[in-house]
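All remarks here apply to the structure that follows.
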Number of protein chains: 2
Amino acid sequence: MDKERLQQFGEGIRQLRRSKNLTQAELASRMGRDQQSIQRLESGRVNPTYLYLLELAKSLEMDISELVAVGK
Amino acid sequence: MDKERLQQFGEGIRQLRRSKNLTQAELASRMGRDQQSIQRLESGRVNPTYLYLLELAKSLEMDISELVAVGK
DNA sequence: TGTATTTACAACATATTTGTTGTATTGTTT
DNA sequence: AAACAATACAACAAATATGTTGTAAATACA
């Protein structure tokens with residue numbers, strides 16, 4: 001189901017963020033967003049856009065190709 | 001600018017679709033969508049979601065990691 | 001030329017993402 | 001325990017993606 005794919009992806013992002021020792025607020029700040037934005041993403045309650053993913057990858061210092069692979 | 005990234009990505013999708021000899025309508029059909037959806041994507045007028053990209057990759061018979069790489 | 005196919009674009013309704021504010025809950029540290 | 005930091009969640013407005021219909025323009029082909 002779609003909802004599960006989003007939850008899986010969100011969980012993957014959470015792992016990545018933690019592996020880099022960043023708080024939700026810190027990551028959000030790098031993206032010019034707020035903590036709630038990351039929280040919703042990690043909880044799988046939203047379906048992020050391509051541009052959001054590009055910014056996320058940049059803020060996590062990785063390629064978007066690697067980023068989207070976490071949901072697999 | 002963001003608009004340019006979307007245009008660049010859309011153009012990349014167009015190349016991929018053409019390389020597989022698919023019309024916009026055919027690709028859309030595989031995704032359960034209509035021709036207009038693909039047209040807006042390729043013209044860079046929309047910012048597709050993660051789930052949309054997953055379906056697009058599947059319909060183009062490729063990995064989402066490869067798919068998002070076309071916009072680079 | 002004429003016909004069919006493909007692509008482009010616009011407008012509208014609907015659903016959803018995003019931004020924002022506030023706050024509750026959980027976790028950590030002293 | 002108390003204080004602080006981090007995370008979760010809800011509700012609202014605004015922006016935007018998506019679905020849909022209609023049609024114009026461009027392209028391919030007989």
Side-chain angles (χ1 to χ4, degrees), chain A residues 1-62 64-65 67-72, chain B residues 1-62 64-65 67-72:
Chain A
M1 197 213 220
D2 284 349
K3 181 177 285 185
E4 281 158 13
R5 304 209 76 146
L6 293 179
Q7 288 176 349
Q8 186 176 4
F9 180 70
E11 192 51 44
I13 297 300
R14 174 166 296 166
Q15 313 283 2
L16 277 174
R17 173 181 60 80
R18 286 179 172 160
S19 75
K20 298 186 183 286
N21 291 314
L22 292 171
T23 66
Q24 292 180 343
E26 285 167 345
L27 174 56
S29 172
R30 291 189 182 188
M31 298 173 66
R33 291 184 165 83
D34 61 9
Q35 178 258 330
Q36 286 78 351
S37 180
I38 301 299
Q39 199 278 323
R40 281 186 296 201
L41 175 70
E42 291 184 353
S43 65
R45 280 185 281 110
V46 287
N47 183 11
T49 63
Y50 174 68
L51 292 177
Y52 189 106
L53 296 175
L54 274 180
E55 276 217 36
L56 181 59
K58 185 176 179 184
S59 298
L60 286 172
E61 298 171 312
M62 56 196 300
I64 186 173
S65 290
L67 184 76
V68 296
V70 309
K72 298 205 58 179
Chain B
M1 197 212 221
D2 284 351
K3 181 177 285 185
E4 282 159 11
R5 303 207 79 144
L6 293 180
Q7 288 176 349
Q8 186 176 4
F9 180 70
E11 192 51 45
I13 297 300
R14 174 167 296 164
Q15 313 283 1
L16 277 174
R17 173 180 61 80
R18 286 180 174 160
S19 75
K20 297 186 183 289
N21 291 314
L22 293 170
T23 67
Q24 291 180 344
E26 285 167 346
L27 174 56
S29 172
R30 293 188 180 187
M31 298 174 66
R33 291 184 164 82
D34 61 10
Q35 178 258 331
Q36 286 79 351
S37 180
I38 302 298
Q39 199 279 322
R40 280 185 296 200
L41 175 70
E42 291 184 352
S43 66
R45 280 186 278 107
V46 288
N47 182 13
T49 64
Y50 174 69
L51 292 177
Y52 189 107
L53 296 175
L54 274 180
E55 275 216 35
L56 181 59
K58 184 177 180 182
S59 299
L60 287 172
E61 298 171 312
M62 56 195 299
I64 185 173
S65 290
L67 184 76
V68 297
V70 308
K72 297 206 58 177

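Numbers restart at 1 for each chain; the letters A, B, ... are given by sequence-line order, proteins then strands.
- The nearest whole Å value for the distance from the OH atom in A/Tyr50 to the C1' atom in C/dT17 is 18 Å.
- A/Pro48 and A/Phe9 make their closest contact through CG-CE2, 4.2 Å (heavy atoms, listed as atom of the first residue, atom of the second, distance).
- For the side-chain contact (heavy atoms from CB on, under 4.5 Å) with A/Gln35, the qualifying choice from A/Glu26, A/Arg40, A/Gln24 is A/Gln24, the only one to do so.
- Summary of the strand contacts: B/Pro48 and A/Ser43 both lie near DNA chain D, and taking for each the nucleotide with the nearest heavy atom, the more 5' one is attributed to A/Ser43.
- Here chain B contacts DNA chain D (any atom closer than 4.0 Å to a heavy atom, that is under 4.0 Å), and the contacts span D/dA17 to D/dG22 from 5' to 3'.
- Between the CZ atom of B/Arg40 and the C1' atom of C/dC12 there is a distance of 11 Å, rounded to whole Å.
- Straight-line distance from the CD atom of B/Gln35 to the P atom of C/dA8: 8 Å, rounded to whole Å.
- One side chain, A/Glu11 or A/Gln15, offers a donor N or O that lies under 3.5 Å from an acceptor on the other.
- Within residues 13-29 of chain B, the residues approaching DNA chain C are B/Arg14, B/Arg17, B/Thr23, B/Gln24, by heavy-atom distance under 4.0 Å.
- Between the C1' atom of C/dT6 and the CD atom of B/Gln36 lies a distance of 12 Å, rounded to the nearest Å.
- Atom pair B/Leu53:CG and C/dT17:C1' shows a separation of 14 Å (rounding to whole Å applied).
- In this structure, A/Arg45 places its CZ atom 15 Å from P of C/dG19, rounding to the nearest Å.
- Spacing between atom CD of A/Gln39 and atom P of C/dT20 amounts to 17 Å, rounded to whole angstrom units.
- The side-chain contact (heavy atoms from CB on, under 4.5 Å) with A/Tyr50 is formed by just one residue from the set B/Asp2, B/Leu41, B/Asn47; it is B/Asn47.
- Looking at every heavy atom in both residues, B/Ala69 comes nearest to A/Ser65 through CB-OG, 3.6 Å.
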Verdict with supporting geometry, B/Arg17 and B/Glu42, salt bridge (Lys or Arg N to Asp or Glu O under 4.0 Å): CA-CA 10 Å; B/Arg17 173 180 61 80; B/Glu42 291 184 352; 2.6 Å; yes
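- Other residues, nucleotides and ligands contribute only 12 or fewer heavy atoms inside 6.0 Å of the NZ atom of A/Lys58.
- Taking atom CG of B/Asn47 as the reference point, atom P of C/dT18 lies 8 Å away to the nearest angstrom.
- Rounded to the nearest 0.5 angstrom, B/Leu16 CG and B/Leu67 CG are separated by 6.5 Å.
- A distance of 8.5 Å separates CD1 in A/Ile38 from CD1 in A/Ile13, rounded to the nearest 0.5 Å.
- Note on B/Asp34: a base of the nucleic acid sits closer than 4.0 angstrom, heavy atoms only.
- Residue A/Arg33 is in sugar-phosphate contact alone, with no base atom involved, counting any heavy-atom pair closer than 4.0 Å across all strands shown.
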